[in-house]
Amino acid sequence: MTGASSGIGRAVAHALARRGATVIACARREALLQQLVEELGSDRHWYVVCDVSDLESVRAMAAEVAGRTDHLDLLVNNAGRPGAGLIAEATPEEVESVLKTNLIGGIWCTQLLHELIDASPSTPRLPAVVNVASISGRIPLPGAATYTASKFGMVGFSEALWAEMRNRDIHVTVVNPGLVHTEGFPMDEVLGMPLLRRLVMSPDRVAEALCEGVETGRAEVRVQRWWSGVYYLLFALGPYRRRLLRGFLRLVNKAVTTKR
Ligand SMILES: NC(=O)c1ccc[n+]([C@@H]2O[C@H](COP(=O)([O-])OP(=O)(O)OC[C@H]3O[C@@H](n4cnc5c(N)ncnc54)[C@H](OP(=O)(O)O)[C@@H]3O)[C@@H](O)[C@H]2O)c1
């Protein structure tokens with residue numbers, strides 16, 4: 001599982017270990033991976049340091065995994081970073097890093113590990129690939145166009161992969177969480193707003209929803225179900241959704257500025 005050193009990934013690693021899985025934790029920060037594996041409390045779990053935005057690093061990770069196990073029941077592509085902000089202010093390097101970390105890295109991991117996934121004994125729900133995208137892979141996030149592009153890309157990749165992998169009995173699930181309070185995506189400002197704080201979830205809630213999604217063979221997990229209503233409403237509004245989203249962004253900006 002990628003992005004295991006903090007936030008949602010760390011919570012998923014714990015949830016999977018509780019269910020009896022052997023966890024292979026990947027991320028860049030070795031000390032945190034070491035700590036996680038110790039916390040998981042069994043010598044069957046292990047880690048590989050890997051930067052998913054770097055092809056050579058993903059190749060080395062895949063080779064190490066292939067050297068230590070003959071199959072993978074579940075791949076969780078979760079590594080991600082926040083967006084580059086407003087397109088006029090972001091550097092091209094930031095844009096590249098967001099797309100490589102949030103989208104291309106997950107595609108590379110799926111490609112380079114697919115033989116091990118293929119080699120997993122087929123059961124009703126496994127093997128499976130789980131991609132952690134975002135609700136902003138369904139609903140554009142104004143002010144974060146690059147992040148939105150990376151997550152729409154991940155949702156599109158997951159849907160096409162679902163169809164491709166079905167012939168090979170590999171399940172594909174895309175998880176689209178809303179707001180989650182984590183190191184990379186701190187929600188302190190939203191948590192300080194009485195009306196909006198209820199929207200924020202814990203990483204553990206996302207982890208449980210992800211595991212249930214795999215256990216029930218869901219193609220998409222939105223974690224908070226009311227997001228589906230928002231999604232279908234915006235879809236039904238057609239071109240008017242852009243005005244609504246712009247109005248919503250103004251409202252949030254105003255609330256944040258007033259609070260400061
Ligand atoms: N928090 C939210 O509100 C929210 C909402 C929807 C979707 N998501 C998605 O959920 C996923 C997890 O995010 P999070 O909220 O749990 O944030 P987080 O706590 O910052 O975790 C991000 C994880 O990704 C890893 N990572 C980042 N860049 C990497 C790279 N180049 N190579 C390998 N690993 C990398 C980080 O580990 P290292 O730094 O050690 O490499 C860390 O383990 C992301 O894909 C994010 O887009 C988050």
Side-chain angles (χ1 to χ4, degrees), residues 1-15 23-37 47-62 75-84 93-94 96-109 112-113 130-141 144 146-155 157-158 173-191 196-197 199-207 209-210 213 220-224 227 231 252:
M1 95 144 285
T2 71
S5 62
S6 68
I8 295 170
R10 195 169 173 283
V12 173
H14 277 278
V23 175
I24 307 170
C26 300
R28 293 165 303 176
R29 288 171 293 175
E30 186 167 9
L32 292 179
L33 292 175
Q34 221 161 12
Q35 192 189 326
L36 170 71
V37 166
Y47 69 83
V48 193
V49 174
C50 172
D51 179 347
V52 298
S53 68
D54 173 11
L55 179 55
E56 286 318 308
S57 180
V58 179
R59 280 206 170 107
M61 176 272 287
L75 166 65
V76 182
N77 287 309
N78 162 75
R81 52 156 291 175
E93 290 78 11
E94 279 172 326
E96 183 183 23
S97 164
V98 171
L99 291 171
K100 277 191 165 168
T101 306
N102 296 0
L103 174 60
I104 298 172
I107 299 176
W108 282 337
C109 289
L112 295 170
L113 293 168
V130 176
N131 295 322
V132 179
S134 166
I135 202 66
S136 50
R138 289 287 186 195
I139 301 170
L141 188 61
T146 308
Y147 184 76
T148 296
S150 71
K151 296 301 183 179
F152 263 66
M154 192 43 120
V155 169
F157 172 66
S158 307
T173 301
V174 63
V175 179
N176 292 325
L179 306 179
V180 192
H181 186 49
T182 60
E183 182 189 330
F185 300 78
M187 298 290 160
D188 301 295
E189 275 179 350
V190 186
L191 284 169
L196 296 181
R197 66 194 305 167
L199 305 186
V200 179
M201 292 176 287
S202 69
D204 286 329
R205 178 158 173 206
V206 181
L210 184 152
E220 179 172 355
V221 175
R222 288 192 188 141
V223 192
Q224 289 157 311
W227 275 115
Y231 171 66
V252 171

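We count ligands from 1, going down the list as the structure has it; atoms in each ligand are counted the same way.
- Interface of Leu179 with ligand 1, defined as ligand atoms under 4.0 Å from a residue heavy atom, comprises 3 (O).
- Taking each of Pro82, Gly83, Gly80 in turn, the one with a heavy atom nearest to atom 22 (C) of ligand 1 proves to be Gly80.
- The protein heavy atom nearest to atom 31 (N) of ligand 1 is Asp51 OD1, 2.8 Å.
- Counting heavy atoms from C-beta on, the side chains of Tyr47 and Leu36 never come closer than 4.5 Å.
- Side chains of Arg28 and Ser57 form no contact here, defined as non-hydrogen atoms less than 4.5 Å apart.
- Of the heavy atoms in Lys100, none comes closer than 4.0 Å to ligand 1.
- Proximity of Ser97 to ligand 1 is not established, as no heavy-atom distance is less than 4.0 Å.
- The side-chain heavy atoms of Val12 and Asn78, taken from C-beta on, include no pair separated by under 4.5 Å.
- Here the side chain of Thr101 pairs no donor or acceptor atom with the backbone of Ser53 at under 3.5 angstrom.
- Under 4.0 Å from ligand 1, not a single heavy atom of Ser136 appears.
- Counting only distance, with no hydrogens or angles, the side chain of Thr2 and the backbone of Ala79 share a donor-acceptor pair below 3.5 Å.
- Heavy-atom separations between Lys151 and ligand 1 include at least one value shorter than 4.0 Å.
- The part of Ala4 lying near ligand 1 is the backbone, judged by heavy-atom distances below 4.0 Å.
- No side-chain donor-acceptor contact under 3.5 Å links Ser97 to the backbone of Glu93.
- Regarding atom 12 (C) of ligand 1, its nearest protein heavy-atom neighbour is Asn78 OD1, 3.2 Å.
- You'll find the side chain of Thr146 stays beyond 4.5 Å of the side chain of Asn102, heavy atoms only.
- Using 4.0 Å as the threshold, Asn102 has no heavy atom nearer than that to any atom of ligand 1.
- The parts of Arg28 lying near ligand 1 are both backbone and side chain, judged by heavy-atom distances below 4.0 Å.
- In summary, the atoms of ligand 1 found under 4.0 Å from a heavy atom of Gly7, numbered by their order in the structure, are 16 (O), 19 (O).
- For ligand 1 and Met187, the ligand atoms under 4.0 Å from any heavy atom of the residue are 3 (O).
- Checking side-chain atoms of Glu30 against main-chain N and O of Val49 turns up no donor-acceptor pair under 3.5 Å.
- Assignment of Arg81 to the shell around ligand 1 is not supported, since no heavy atom sits closer than 4.0 Å.
- What sits closest to atom 7 (C) of ligand 1 on the protein, heavy atoms only, is Ala133 O, 3.0 Å.
- Among protein heavy atoms, atom 36 (C) of ligand 1 sits closest to Ser5 OG, 3.8 Å.
- Nearest protein neighbour of atom 32 (N) of ligand 1, counting heavy atoms only, is Val52 N, 2.9 Å.
- Checking Leu36, Thr182, Ile8, Asn131 against atom 48 (C) of ligand 1, the nearest heavy atom belongs to Ile8.
- In this structure, the separation between CD on Glu220 and OG on Ser158 is 9.0 Å, given to the nearest 0.5 Å.
- Scanning the protein for heavy atoms near atom 47 (O) of ligand 1, the closest one is Tyr147 OH, 2.7 Å.
- The protein atom (non-hydrogen) at minimum distance from atom 13 (O) of ligand 1 is Phe185 CE1, 3.8 Å.
- Within the 4.0 Å heavy-atom shell around ligand 1 one finds Val132.
- Atom 20 (O) of ligand 1 has its nearest heavy-atom neighbour, among Ser57, Cys26, Cys50, Gly184, in Gly184.
- Residues Ile139 and Trp227 come closest through the heavy atom pair CD1-CE3, 3.8 Å.
- Among protein heavy atoms, the minimum distance from atom 3 (O) of ligand 1 is reached at Val180 N, 2.9 Å.
- When heavy-atom distances to ligand 1 are checked against a 4.0 Å cut-off, His181 has no atom that comes that close, whether in backbone or side chain.
- At least one heavy atom of Thr101 sits less than 4.0 Å from an atom of ligand 1.
- Counting heavy atoms only, Ala79 comes closest to atom 34 (N) of ligand 1 of the residues Ala13, Ala79, Ser53.
- Here the shortest heavy-atom pairing between Lys100 and Trp108 reads CE-CH2, 4.3 Å.
- Note on ligand 1: Pro177 sits in its first shell, one or more heavy atoms being nearer than 4.0 Å.
- Counting only heavy atoms from C-beta outward, the side chains of His14 and Asp204 never approach each other to under 4.5 Å.
- Note on ligand 1: Gly178 sits in its first shell, one or more heavy atoms being nearer than 4.0 Å.
- Taking only nitrogen or oxygen atoms, main chain and side chain alike, Gly3 reaches within less than 3.5 Å of ligand 1.
- Under the 4.5 Å side-chain criterion, counting only non-hydrogen atoms from C-beta, Arg59 is in contact with Leu55.
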